[in-house]
Amino acid sequence: MMGGMSGQDYREWQLRSEFAEVLGSRTEELQKIPDATLDKDGLITCAVLPLRDLVVFPRMVTPLFVGRESALSALEFAHGAGQTVIAVAQKNEDKAEPSIADLFTVGCETVVGRVLHLPEGETTVLAQGRRRVQIVEYLPGESFLRARARPVYESTEHSRETEALMRAVLALFEKVVQLNRSLPDDAYVFALNVEDPGWLADLITSALGVPVPDRQRMLETFDIELRLQRLSVMLGRELDVLELENRIHSKVQSEVDRSQREYYLREQMKAIQTELGEQDAWSEELTEVKDAVLKAGMPEEVQTKALKELERMGQMPSMAPEVAIVRTYLDWLIELPWQKQTEDNLDLKRATGVLNRQHYGLPKAKERILEYLAVRSLAPKKQKQPILCFVGPPGTGKTSLGRSIAETLGRKFVRVSLGGVRDEAEIRGHRRTYIGALPGRVLQTMRRAGVINPLFMLDEIDKLGMDFRGDPAAALLEVLDPEQNYAFDDHYLDVPYDLSRVMFITTANTLGPIPPALLDRMEVIEFPGYIEQEKIAIANQFLVPRQLEENGLSRFPIAFGEDALHRMIRGYTWEAGVRNLDREIARVCRKVARRKAEGRKIPDRIDAPAVAKYLGPQQFFQLEAEKQDEIGVATALAWTENGGDTMPVEVVLLEGKGNIQITGQIGEVMQESAQAAMSYLKSRAKHFLLEPQRFEKTDVHIHIPEGAIPKDGPSAGITMATALVSAFTSRKARRDVAMTGEITLRGRVLPVGGVRDKILAAHRVGLKNVIIPRHNEKDLIEIPKNVRQELKIILVDHIDDVLRRALHKESSIPRKVGRKKRAPKAAAGKK
Ligand code: ADP
């Protein structure tokens with residue numbers, strides 16, 4: 001007990017000060033009892049009073065609380081006989097009946113008064129210390145201990161050092177009294193008036209709440225100076241603790257003060273706001289928000305959360321910055337659709353009508369949609385429908401068909417583009433602890449939809465990225481998976497959101513980059529590119545009327561001639577879809593509109609020359625078919641995200657050491673395929689009448705132009721072989737023959753992908769002959785009849801068949817350098 005008095009000590013102190021008068025008269029009574037007399041050895045013999053948690057000092061007046069029988073009989077004996085007792089502390093206060101060994105050997109000869117019985121059933125006796133004694137021996141006793149002891153005589157001399165020590169001790173004690181709230185102020189005054197240094201030390205020791213061993217040590221310190229020194233150390237320690245305590249206390253106090261101050265200020269602010277009428281506005285706003293929450297039709301769990309947030313907001317002052325954050329969150333909860341939905345229109349006849357009215361062709365897609373509707377109308381409960389994935393080049397009507405489906409069904413249409421999304425948080429939102437956090441794109445779009453069952457188009461899922469910020473594809477899986485999406489977990493929203501009634505349609509240009517797990521969830525519907533006739537039909541039926549309407553020309557009898565559309569398709573666009581065609585038609589319409597607005601004459605019919613006039617010089621030239629046959633240049637058919645394309649393969653032979661160089665951003669597979677073609681040629685040198693040494697003296701450079709576009713895949717194998725043979729044998733290659741196919745070392749031709757798009761591309765550029773692997777014959781079913789009629793499609797098994805068709809029979813005068821020719825631009829990588 002360093003920091004203050006123990007409960008017992010404190011009671012003693014109180015007793016002493018409050019009943020000073022009573023004590024005063026009683027101590028007089030005590031004075032009458034004489035000190036025990038010394039025997040011939042200079043010893044005294046007295047009853048021993050063991051003390052449990054107390055040390056009695058000379059001159060101290062102290063009430064003793066007594067419980068033990070042996071102690072009581074010792075006291076009663078002493079009081080009865082008018083004798084003193086030896087009060088001695090026990091080493092271990094837990095011992096109920098201490099033996100001799102349990103007692104310290106230094107005690108205090110003490111006089112005791114009458115035994116008093118207190119109201120609470122305790123027994124007390126007033127005691128006053130007389131002098132220190134050293135116990136010499138215990139005597140065999142009856143019901144209590146007796147001992148012989150030698151009194152300790154203290155010197156009463158005052159050295160200057162003693163004086164200084166007394167002052168120091170007093171100064172310390174003063175501070176302790178100031179800090180220790182359980183010591184009464186008069187304790188210091190009392191000590192100040194004590195002149196005897198030994199007594200001063202004893203007095204202060206007993207006033208301090210130090211533990212028994214420390215007190216006992218002071219009792220055993222007979223040398224006065226040493227006693228004062230020890231006391232000052234003790235006081236110093238006590239002061240340290242008290243100061244620390246005080247610091248902690250005042251810190252706590254200041255915390256309390258601050259929060260009280262804040263509370264006070266807040267209350268004041270409320271009062272001021274009320275005065276200004278703002279509090280009314282605030283509580284009005286709170287009520288409004290609450291109404292909105294209750295009306296939003298949220299599921300119970302969500303509503304509970306919203307109301308909790310609202311309550312939190314209500315406890316903030318209206319101007320707190322956090323209010324805006326909570327408010328935004330609540331607005332999101334309120335404005336998201338929770339129940340509102342549209343009724344599906346599953347009338348198949350009407351659906352067929354709408355789809356055909358709005359889109360030309362696309363039989364597969366339309367058929368699948370009608371099946372979908374049929375299943376829905378037969379099994380309306382069955383919510384889990386496959387997710388459709390529309391795959392095809394840009395501008396082939398994926399988005400606009402999606403819109404039509406929404407219209408047919410009577411659903412809201414919303415779309416979100418996933419192109420370039422790399423961060424999971426873009427799909428799923430940021431946690432609200434982020435500054436400026438918002439829900440992800442999915443829920444933002446749902447809010448825009450305003451109903452729980454829109455037709456939701458996820459565009460460009462093949463352009464989804466992935467990096468260190470998490471995998472957006474994984475989040476997307478959760479969106480699309482019917483097993484999970486009834487409780488979609490957006491990080492911002494923090495409550496589950498049901499997406500199970502949404503009809504998702506995804507779109508992509510190509511299936512390649514789509515993560516397999518995602519692809520698994522979807523049913524792919526291909527949107528092939530259009531051939532020219534289809535484009536013209538689409539333009540006539542849809543694009544032209546729409547552009548005339550949009551440009552305010554629908555009142556005028558303007559028609560686009562077929563020759564004009566042809567010119568636009570061939571000379572101004574280069575695409576599998578019709579997006580650019582649509583744009584060019586719009587450009588023409590704008591020019592016409594401007595003429596009209598300027599009061600000039602406008603034509604009734606737009607023909608090819610008019611197109612040239614309005615659109616300026618032609619952008620693309622379909623030269624492929626018109627190009628001269630050359631040595632070392634053959635035409636490959638390539639496949640890109642934008643559909644099929646043609647691609648020249650050039651070979652140049654240089655004097656050298658038999659090296660092969662391949663340029664034009666060629667991927668690994670394509671390089672290997674070039675090596676295979678070369679090896680095939682070498683192995684057949686004899687057949688082509690080539691001397692084997694020729695290869696050792698020649699460097700071969702294969703180049704595929706449009707070097708900026710990466711190209712890969714094995715499908716240019718037969719084209720490279722053709723160009724190589726052409727270069728080595730000086731037989732010209734026919735440029736009106738386009739080809740695709742993989743080559744083996746033995747010259748066999750293996751099937752490749754994308755044949756339909758490639759054939760359409762060949763047709764588009766006006767080529768007449770197309771060579772494809774025989775195994776790709778099955779793909780021809782997908783080619784429109786008129787294309788098949790206009791093209792000669794040659795099926796081959798072996799490179800010899802290819803060479804027979806693609807090379808001139810006779811060798812021409814050898815020329816070493818092939819001329820470079822640019823093919824029209826295509827937008828993405830070629831395969
Ligand atoms: P995608 O989404 O495939 O890139 P869009 O749906 O945006 O292409 O189509 C581009 C434009 O072409 C739209 O204006 C669309 O109406 C039109 N279009 C495409 N295919 C057809 C078609 N088969 N019938 C009618 N219009 C079409």
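Numbering of residues begins at 1 and proceeds along the displayed sequence. For ligands, and for the atoms within them, numbers begin at 1 and follow the listed sequence. What you are looking at is a predicted structure, and each value in this text was computed from that prediction instead of being measured.
- Closest to atom 5 (P) of ligand 1 by heavy atom, among G577, G397, G402, is G397.
- Within the structure, ligand 1 lacks F390 among the residues with a heavy atom less than 4.0 angstrom away.
- Remark: ligand 1 atoms within the under-4.0 Å shell around heavy atoms of V578 are 12 (O), 17 (C), 18 (N), 19 (C).
- Distance alone, capped at 3.5 Å, places no donor-acceptor pair between the K398 side chain and the A508 backbone.
- Side-chain atoms of N776 never come within 3.5 Å of backbone atoms of I772 as a donor-acceptor pair (strictly under, hydrogens ignored).
- The aromatic rings of F504 and F456 lie tilted to each other, with the angle between the two planes from 30° to 60°.
- Both the backbone and the side chain of T399 come within 4.0 Å of ligand 1, counting heavy atoms alone.
- Which parts of ligand 1 touch R579 is read off a 4.0 Å heavy-atom cut-off, strictly below it: atoms 1 (P), 2 (O), 4 (O), 7 (O), 8 (O).
- For atom 3 (O) of ligand 1, the nearest non-hydrogen atom of the protein is K398 NZ, 2.7 Å.
- Judged by the shortest distance from any of its heavy atoms, R546 lies inside the 4.0 Å radius around the atoms of ligand 1.
- In this structure the side chain of V737 reaches within 4.5 angstrom of the side chain of I771, judged on heavy atoms.
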Practice problem: Might you work through the side-chain contact (heavy atoms from CB on, under 4.5 Å) test for V592 and L553, ending with a clear yes or no? | Solution: CA-CA 8 Å; V592 174; L553 296 169; 4.1 Å; yes
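- Given atom 24 (N) of ligand 1, the protein heavy atom at minimum distance is Y360 N, 2.9 Å.
- Here is the list of ligand 1 atoms found below 4.0 Å of a heavy atom in Y530: 20 (N), 21 (C), 22 (C), 23 (N).
- Among T342, D344, N345, the one residue that satisfies the side-chain hydrogen bond (donor to acceptor under 3.5 Å, both in side chains) test with R411 is D344.
- Here F527 and F390 bring their ring centres to under 6.0 angstrom of each other.
- Look at P394 and you'll find a heavy atom under 4.0 Å from some atom of ligand 1.
- Each of the following atoms of ligand 1 lies closer than 4.0 Å to a heavy atom of Q358: 25 (C).
- Among protein heavy atoms, atom 25 (C) of ligand 1 sits closest to F542 CD1, 3.4 Å.
- Residue contacts with ligand 1 include G395, since one or more of its heavy atoms lies under 4.0 Å from the ligand.
- Remark: ligand 1 atoms within the under-4.0 Å shell around heavy atoms of S400 are 6 (O), 15 (C), 16 (O).
- Screening L499, D489, V442 for a side-chain contact (heavy atoms from CB on, under 4.5 Å) involving E478 leaves a single residue, D489.
- Heavy-atom proximity to L362, at under 4.0 Å, picks out these atoms of ligand 1: 23 (N).
- No more than 12 heavy atoms of other residues, nucleotides or ligands sit less than 6.0 Å from atom NE2 of H775.
- When atom types are taken as modelled, the side chain of Q444 and the backbone of P439 share a donor-acceptor pair closer than 3.5 angstrom.
- Scanning the protein for heavy atoms near atom 26 (N) of ligand 1, the closest one is I538 CG2, 3.7 Å.
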